[in-house]
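Here's the structure we're looking at; comments come further down.
Any value given below was found using the heavy atoms of this structure, including those in side chains, with hydrogens, waters and symmetry copies removed. Just so it is clear, the model here is predicted, and its values are computed rather than measured.
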Amino acid sequence: MKKLINKRLVVGVSIVLFIGIIFGLIFPLFINDLDKLNITSLVKEYITKVELKDITFNIFLSSFTKNFIIILILCISSFIFLLFPLTLFLNFYKGFLIGFYFSSLIITLKFKGLLYGLLGIFPHEIIIIALTIILSSISLNFNLKLYNCVKTNDNLNLRIFLKKVSIIFIISIIICTIASILEIYLNTYLIHLF
């Protein structure tokens, strides 16, 4: 697995995700008051559902699907060199959503929103962020290997390549399922205690 993970790519992808978080945090400064009002009402609706423990299988499915789509795109982009910008965009987007999540909670609940935000991302979102960064670096590493093979006319053992991507995909789905279960049950319980 270590051969699959390039430390420079991990750092690069992490920087893109961090830039996304910064943009998400400052985005509410540039929206109008009506949009801020809409954000406030959506946040209050979410908090009400959590406080009422209105958790259903559909919410779990929604969480799982959201994470699964990112995993699927990252695994598919391993095969197609031209999709490497999509890998970077997904990391920026993931960071943007996290930053926007925090800023929305802070706009609505002030300091209490920061605490809600921390409880809302720990541990499931931390797991998904780590998974996204690792998968992105593996995807970009595969892209570079494919590009180098094409550029130098080297042979690539496609069977081994597909096997590695398939194993990574299966492990990612298992991690995604665990993270979604944690998000729905553990995080709502922690927030409810608050």
Do the non-hydrogen side-chain atoms of [X] and [Y] ever get within less than 4.5 Å of each other?
X     : Y      : result
Ile71 : Ile175 : no
Asp35 : Asn38  : yes
Ile21 : Phe102 : no

If you take all heavy atoms of Leu105 and Tyr116, which pair is closest and at what distance?
->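 So the minimum-distance heavy-atom pair works out to CD1-C, 4.1 Å.
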Ile184 to Phe60 - nearest heavy-atom pair and separation |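 Closest pair (atom of Ile184, atom of Phe60, distance): CG1-CA, 3.6 Å.
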Look at the side chain of Asn187 and the backbone N and O of Phe122, then say whether any donor-acceptor pair between them is shorter than 3.5 Å.
->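 Yes: the side chain of Asn187 pairs with the backbone of Phe122.
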Kindly say whether Asn141 contributes a backbone atom to a donor-acceptor pair with the side chain of Asn6 at under 3.5 angstrom?
->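 No; zero donor-acceptor contacts below 3.5 Å.
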Pairs of donor and acceptor atoms involving the side chains of residues 125-139, under 3.5 Å and at least two apart or interchain, shall be tabulated with distances.
residue, atom, partner, partner atom, Å
Glu125, OE2, Lys94, NZ, 2.7
Thr132, OG1, Ile128, O, 2.7
Ser136, OG, Asn91, ND2, 2.6
Ser136, OG, Thr132, O, 2.7
Ser137, OG, Ile133, O, 3.4
Ser137, OG, Ile134, O, 2.8
Ser139, OG, Leu74, O, 3.2
Ser139, OG, Ser77, OG, 2.9
Ser139, OG, Ser78, N, 3.4

For residues 7-16, tabulate all N or O donor-acceptor pairs below 3.5 Å that involve a side-chain atom, not counting sequence neighbours.
residue, atom, partner, partner atom, Å
Ser14, OG, Val10, O, 2.7

With Asp154, which residues qualify under side chain to side chain donor-acceptor pair (under 3.5 Å), at least two apart?
->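 Asp154 satisfies side chain to side chain donor-acceptor pair (under 3.5 Å) with Thr152 once adjacent residues are dropped.
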Residues two or more places apart in sequence or in another chain: which of them pass side chain to side chain donor-acceptor pair (under 3.5 Å) with Ser180?
->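 Partners of Ser180 by the side chain to side chain donor-acceptor pair (under 3.5 Å) criterion, ordered by chain and then number, come out as Ser63.
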Under the side-chain contact (heavy atoms from CB on, under 4.5 Å) rule, collect the residues that match up with Leu146, sequence neighbours excluded.
->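 Partners of Leu146 by the side-chain contact (heavy atoms from CB on, under 4.5 Å) criterion, ordered by chain and then number, come out as Leu156, Phe161.
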Assert yes or no for the condition that the ring centre distance of Phe100 to Phe27 is strictly below 6.0 Å.
->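 Distance test on ring centres: under 6.0 Å, yes.
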With ring centroids as reference points, do Phe23 and Phe92 lie under 6.0 angstrom apart?
->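 Centroid distance Phe23-Phe92: below 6.0 Å, so yes.
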Fellow cluster residues of Ile22, listed by chain then number, with links counted only when side-chain atoms sit under 4.5 Å apart =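 Answer for Ile22: Phe18.
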